[in-house]
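The structure under discussion appears below in the form of structure tokens.
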Amino acid sequence: MPREALTFDNDAIAKVLDEIADLLELKGENVFRAVTYRAAARSIRDLREPLAKLAQEKRLKEIPKVGSSVGEAIEQIIATGRSTRHEELKAAVPPGLLTLLRVGGVGPATARTIYDHLRITTIEELEEAAKDHRLQQLPKIQAKTEENILRSIAALKQRTGRSLLHEAKAAATSMVEYLRAEDGVERIAIAGSLRRYKETIGDIDIVVAADDALPIMETFVRAPSIERVLARGDTKSSVVESRGLQIDLRVVPPASYGAALLYFTGSKEHNVRLRGLALRRKLLLNEYGLYRVGAEERGQEIASATEEEVYAALGLTWIPPELREDHGEIDAAQGGALPKLVELADVRGDLHTHTNWTDGRDPLADMAKRARAKGYAYLAVTDHSPGLGMTNGLSLDRIQARIAEAAKLNGELAPFRVIVGTEVDIRANGNLDYPDEVLAKFDVVSASVHSSFAQPREAMTARINGAMRHPLVTAISHPTGRLLEKREPYAVDLDAVIDTAVETGTWIEVNGGPERLDLPDTWIRKAAGRGATLVVNSDAHAIEELEWMDLGCGTARRGWATAASIVNTRGLEAVLAARKARR
DNA sequence: GCCGTTTTCGGCCCGACTGTTTTCAGTCG
């Protein structure tokens with residue numbers, strides 16, 4: 001078996017199937033064929049067992065949407081690292097067409113038209129053509145489409161190639177566990193932007209305290225998940241792991257651990273302010289410790305073993321990593337005025353989740369049991385309304401069935417409570433996707449925008465404000481609609497949205513989904529500062545994704561949010577009362 | 001290409017929206 005075949009995990013195989021789907025569409029084959037490949041890719045991503053194992057046990061056909069053709073392709077990829085179908089398609093479709101698909105608003109048909117007439121195969125050529133107004137000379141493309149293409153390209157270029165929080169966290173955690181097992185590792189921690197819960201991550205920083213750095217460096221660069229080594233030194237090494245993430249490891253003596261952790265956690269701006277503060281006290285702060293100027297020899301530091309003692313030596317209380325952005329946290333720490341930020345442990349329940357009745361993966365019973373196992377007191381299931389065609393939104397019959405199912409679960413899981421809510425679509429005209437008599441059946445109603453993202457700012461603001469003024473709406477979900485690294489937020493006046501939220505008592509969601517992390521932290525700070533009520537949710541579509549509550553809490557902390565400003569740190573009775581008071 | 005207590009063939013999930021159109025194709029979720 002070729003070595004590369006071993007590295008084909010479920011995700012990599014799903015990626016190939018997705019690309020086959022794209023190629024089939026570009027080639028103009030039966031769209032349902034493409035749909036099937038895409039559906040198969042999705043069910044593979046949802047699998048909890050490795051495909052290689054299922055293949056070995058001849059159980060591939062148990063996977064939804066995997067039949068003889070897709071099954072054969074999977075077996076081929078596992079055995080040889082490639083699929084004949086994939087190779088043939090790639091040979092049949094002009095190179096570069098796949099690239100054009102990356103531009104938002106450009107699908108197979110548009111890509112085809114552009115290629116057929118202009119032979120364009122790269123984003124750069126596409127941008128040139130759009131700027132020269134050559135696109136609008138093509139059939140079915142006019143000035144407006146050309147503008148949209150240019151805007152999509154601009155957004156594409158803006159992408160920094162940063163990783164989403166959950167991906168970076170998974171890669172970092174597995175490396176930390178791997179290194180922790182090494183002899184001589186006294187302490188180890190994730191530092192950098194990941195420790196600060198920044199919404200996207202450039203690279204991963206890990207700090208280790210050990211007396212002898214060399215064997216740890218050796219173990220690090222030999223980790224099985226490593227693709228290539230960028231730099232390798234006595235105390236610092238950098239590698240790229242299999243998913244393309246860069247990991248920097250820094251090993252320091254145990255006595256310097258606190259100073260090193262502080263230094264490598266950043267942010268840079270926070271560190272600069274701290275070092276300035278130190279200088280005014282005739283002190284020098286670096287990654288080894290805090291020293292009197294001119295006495296920066298090892299062993300003469302004033303403070304360095306823990307972050308707390310370094311901060312204390314500078315006249316500050318310990319500052320939570322999420323606040324270290326030089327956004328006023330240093331002044332607050334000097335005055336002892338830092339807020340007590342919300343912690344995951346403060347959260348009593350999740351109020352935005354989906355099940356396999358719409359676009360989620362797992363049944364309600366599984367979601368509820370996992371939520372209870374997490375220590376929550378309650379869970380709201382908020383499947384979609386029918387307006388979103390793809391997500392198979394709930395009809396009135398199914399809502400009744402859901403309410404009955406929840407009642408039954410509540411009998412089994414007491415005192416844990418499942419409540420039935422909805423994530424109702426706010427249509428383009430501002431109407432909600434259920435009539436009032438249906439909305440009245442739900443315990444919580446989250447309203448959200450899933451369409452017509454290009455509306456003018458005034459229209460979008462009126463649309464969202466209108467939904468918040470509806471007496472049966474409890475919360476506004478993912479208020480900016482952004483998808484990190486993928487889609488810009490829509491134009492909306494968030495100041496006005498926050499005002500309306502305060503005025504009507506509507507909760508503003510902090511969506512913990514790593515693609516969203518919406519509301520963004522700067523707005524969380526404004527919202528909480530103005531007395532808005534927040535709700536932190538996972539927006540889980542599978543049981544594991546309930547863990548995304550952690551990311552939502554991290555984002556809330558970046559927005560300086562306390563437990564008191566967040567409704568689901570309270571018990572269910574208080575939550576329902578808050579909802580009722582809002583009507 | 002997959003799938004079936006209606007079907008082994010003929011459907012497939014589908015609605016909203018946009019921009020192009022003059023009744024609809026393309027894209028998105």
Side-chain angles (χ1 to χ4, degrees), chain A residues 17-18 20-44 60-74 83-86 88-89 100-114 135-152 155 354 356-360 383-395 398 423-434 448-456 459-460 463 477-478 481-483 486-488 490 513 515-516 539 541:
Chain A
L17 297 182
D18 270 331
I20 290 177
D22 285 341
L23 290 163
L24 285 169
E25 278 194 342
L26 285 168
K27 205 161 162 255
E29 284 199 28
N30 182 342
V31 288
F32 291 112
R33 209 163 278 167
V35 165
T36 298
Y37 273 98
R38 221 165 260 135
R42 197 190 140 120
S43 46
I44 284 166
L60 285 180
K61 293 219 172 147
E62 291 174 16
I63 305 166
K65 302 297 172 182
V66 175
S68 47
S69 299
V70 177
E72 201 183 309
I74 295 170
S83 125
T84 321
R85 188 80 170 105
H86 187 220
E88 284 170 355
L89 282 165
L100 298 188
L101 287 188
R102 287 173 47 216
V103 179
V106 175
T110 312
R112 191 89 235 181
T113 307
I114 292 170
L135 294 185
Q136 51 174 289
Q137 292 157 20
L138 306 182
K140 306 232 177 194
I141 296 180
Q142 289 199 8
K144 203 122 189 195
T145 306
E146 200 172 64
E147 279 170 35
N148 284 340
I149 287 176
L150 271 178
R151 210 170 311 128
S152 296
H354 298 273
N356 60 353
W357 278 25
T358 60
D359 58 349
D383 271 320
H384 289 283
S385 63
L388 265 179
M390 174 91 172
T391 54
N392 191 22
L394 297 191
S395 62
R398 298 175 81 212
E423 180 180 6
V424 65
D425 212 32
I426 309 172
R427 292 179 188 156
N429 63 7
N431 289 343
L432 297 177
D433 200 34
Y434 281 126
S448 47
V449 167
H450 290 114
S451 60
S452 291
F453 299 121
Q455 281 182 336
M460 184 65 87
R463 183 178 171 191
S477 283
H478 44 75
R482 72 171 177 184
L483 292 181
K486 207 164 159 187
R487 184 173 75 204
E488 293 300 305
Y490 37 69
E515 270 202 320
R516 296 192 182 273
D539 196 359
H541 287 63

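No experiment lies behind these values; they were computed from the predicted model shown. We name chains A, B, ... by the order of the sequence lines, and we start the count at 1 in each one. The figures that follow rest on heavy atoms only: side chains count, while hydrogens, waters and symmetry mates do not.
Within 4.0 Å of A:L24, counting heavy atoms only, lies no atom of the nucleic acid at all. Within the nucleic acid shown, A:N30 comes within 4.0 Å of at least one base atom, counting heavy atoms only. Within 4.0 Å (heavy atoms only), A:V106 reaches sugar-phosphate atoms of the nucleic acid but no base atom. Across all strands, A:R112 comes closer than 4.0 Å to no nucleic acid atom at all (heavy-atom distances).
The separation between A:I141 atom CD1 and B:dT18 atom P is 19 Å, rounded to whole Å. If you take CZ of A:R38 and P of B:dG29, they are 12 Å apart, rounded to a whole angstrom. A straight line from OH of A:Y490 to P of B:dA16 spans 19 Å, rounded to a whole angstrom. Between A:K140 atom NZ and B:dT27 atom P the separation is 11 Å, expressed in whole Å. What separates CG of A:L101 from P of B:dC28 is a distance of 9 Å, to the nearest Å. Residue A:K65 contributes atom NZ, which lies 9 Å from atom P of B:dG4 at whole-angstrom precision.
Annotation: B:dC3 and B:dC13 have their P atoms spaced 11 Å apart (nearest Å). Separating the P atom of B:dC12 from that of B:dT18 is a span of 27 Å, rounded to the nearest Å. On the C1' atoms, B:dA16 is 23 Å away from B:dG11, given to the nearest whole Å.
Not a single donor-acceptor pair, N or O on each side, falls under 3.5 Å between the base of B:dG29 and the side chain of A:D359. Residue A:S69 places no side-chain atom within donor-acceptor reach of the base of B:dG1, judged by atom type and a 3.5 Å distance cut-off alone.
B:dC12 has A:F32 stacked on its base ring, the centres lying under 5.5 angstrom apart and the planes within 30 degrees of parallel.
Across all strands shown, B:dG4 forms a Watson-Crick or G-U wobble pair, both distances under 3.5 Å, with B:dC9.
Remark: of the listed residues A:D433, A:D359, A:D425, A:D359 is the sole one forming a side-chain hydrogen bond (donor to acceptor under 3.5 Å, both in side chains) with A:H384.
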